[in-house]
Amino acid sequence: MLFHVKPRGLFITFEGMDGSGKTTQMHRLAARLRSQGRTVLETAEPGGPPVAMKIRRILLDSANQELSPATEILLYFASRAQNVDEWILPALGRGEIVLSDRFTDSSLVYQGCGRELGAQAVEALDRIACRGLKPDLTLLVDVDAEASLARARARNVAEPHCETRMDDQSIEFHRKVYDAYHALAAAESERVKLVNGRTDIDAIEQEVWSIVSRYV
Ligand code: TYD
């Protein structure tokens with residue numbers, strides 16, 4: 001099931017804690033690349049194509065507190081499999097730049113480490129859903145667990161919505177996620193680049209561009 005031909009485009013993912021500001025940074029990067037004439041596909045996980053968006057609703061609905069860790073990880077990968085097949089691979093095949101707000105690294109840190117399902121389970125599901133597709137570059141927007149959770153919860157109060165199931169998890173869960181992201185950046189330093197998310201939006205944008213400009 002692995003690819004025999006590497007898709008031609010460039011695949012860049014954004015990772016980080018909830019409320020790290022990575023979504024804003026991804027939109028800014030997309031705008032800059034488009035202004036330079038590049039074709040960019042933006043996607044955000046869980047989600048992407050319509051079927052994946054339906055799975056997203058189950059995953060993030062705060063009413064679904066009984067979702068088991070096994071169901072949770074399978075649904076994240078079900079959403080990803082659809083996104084890979086329907087959106088990401090075709091775009092990369094056309095030579096486009098694909099930007100994804102979260103990808104398999106999120107499953108590794110939230111489900112593999114946060115829920116303690118282990119890296120092997122994540123790798124096994126990744127082989128089925130992604131079939132060897134790995135990001136060329138991952139930007140990890142780094143903020144502290146406490147600050148990120150406070151920001152995410154404040155946002156949920158300011159703009160009430162029901163997609164808060166993951167934000168409702170304890171601070172201990174979010175600390176495990178934070179540690180796992182740092183372990184990942186250390187283990188895969190070639191691919192995963194840390195970006196300081198504690199400065200202002202423009203400074204973060206500059207740091208992102210100083211990294212990405214080496215790839216485009
Ligand atoms: P979302 O509302 O998209 O917020 P953001 O990405 O800005 O934090 O929430 C997605 C949530 O799902 C987030 O808490 C991280 C979690 N998640 C996982 O636990 N595993 C995954 O594989 C992915 C893609 C996301």
Side-chain angles (χ1 to χ4, degrees), residues 11 13-28 42-49 52-62 64-65 67-84 87-88 98-119 121-126 128-130 133-135 138-145 147-181 184 195 197 201 204:
F11 184 30
T13 59
F14 280 74
E15 292 285 347
M17 312 283 297
D18 308 63
S20 63
K22 63 185 167 41
T23 307
T24 305
Q25 291 301 327
M26 193 179 92
H27 292 328
R28 285 190 173 204
E42 287 182 82
T43 183
E45 295 205 340
M53 288 306 287
K54 289 185 185 164
I55 299 170
R56 175 188 174 91
R57 266 171 236 130
I58 301 172
L59 275 166
L60 300 186
D61 189 340
S62 57
N64 292 338
Q65 292 297 330
L67 215 63
S68 80
T71 310
E72 182 182 279
I73 193 172
L74 290 168
L75 287 176
Y76 276 114
F77 272 102
S79 162
R80 184 162 302 127
Q82 193 65 34
N83 198 16
V84 165
W87 278 14
I88 299 177
V98 175
L99 303 181
S100 186
D101 188 346
R102 300 190 180 281
F103 198 63
T104 294
D105 294 327
S106 283
S107 298
L108 181 69
V109 299
Y110 284 84
Q111 283 67 53
C113 298
R115 300 282 191 228
E116 301 184 355
L117 291 172
V122 175
E123 284 157 14
L125 292 169
D126 182 71
I128 297 170
C130 306
L133 175 69
K134 266 213 152 202
T138 296
L139 297 152
L140 172 49
V141 182
D142 187 31
V143 292
D144 302 321
S148 87
L149 196 54
R151 239 199 268 178
R153 286 181 179 165
R155 188 181 56 192
N156 296 340
V157 172
E159 303 158 31
H161 62 110
C162 61
E163 288 194 339
T164 62
R165 197 180 60 88
M166 299 303 286
D167 302 337
D168 298 340
Q169 304 301 313
S170 66
I171 184 66
E172 287 72 30
F173 176 84
H174 288 274
R175 282 203 196 103
K176 275 197 272 184
V177 169
Y178 175 88
D179 290 343
Y181 265 135
L184 174 71
V195 172
I201 292 184
I204 301 170

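One-based numbering, in listed order, for ligands and for the atoms of each. Computed from heavy atoms alone, side chains included, the values below leave out hydrogens, waters and symmetry copies. What you see is a predicted model, and the numbers here were worked out from it, not measured in a lab.
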Of all protein heavy atoms, the one nearest atom 12 (O) of ligand 1 is Tyr76 OH, 2.9 Å

Note: Leu60, heavy atoms under 4.0 Å from ligand 1, region reported as side chain

Residues at least two apart in sequence or cross-chain that pass side chain to side chain donor-acceptor pair (under 3.5 Å) with Arg165, listed by chain then number, are Glu72

request  = Answer yes or no: does an N/O atom from Asp18 fall short of 3.5 Å to an N/O atom of ligand 1?
outcome  = yes

Quick note on ligand 1: atoms under 4.0 Å from a heavy atom of Met166 include exactly 11 (C), 12 (O), 14 (O), 16 (C), 19 (O)

### Query
Do Arg80 and Phe77 meet the cation-pi criteria used here (NZ or CZ under 6.0 Å from the six-membered ring centre, within 45° of the axis)?
yes

Using a 3.5 Å distance criterion without hydrogens, assess whether the side chain of Asn156 forms a donor-acceptor pair with backbone atoms of Ala152.
yes

Near Glu45 (heavy-atom distance under 4.0 Å), the atoms of ligand 1 are 24 (C)

Side chain to side chain donor-acceptor pair (under 3.5 Å) filter on Tyr76, not counting sequence neighbours, yields none

Can a non-hydrogen atom of Lys22 be found less than 4.0 Å from any atom of ligand 1?
yes

Heavy-atom gap Arg56 to ligand 1 smaller than 4.0 Å:
yes

Interatomic distance, CZ@Arg102 vs OG@Ser79, rounded to 0.5 Å, equals 12.5 Å

Below 4.0 Å from ligand 1: does a non-hydrogen atom of Arg80 turn up there or not? yes

d(Gln25 CD, Ile204 CD1) to nearest 0.5 Å is 5.0 Å

| query | Protein heavy atom under 4.0 angstrom of atom 6 (O) of ligand 1, is there one? | reply | yes

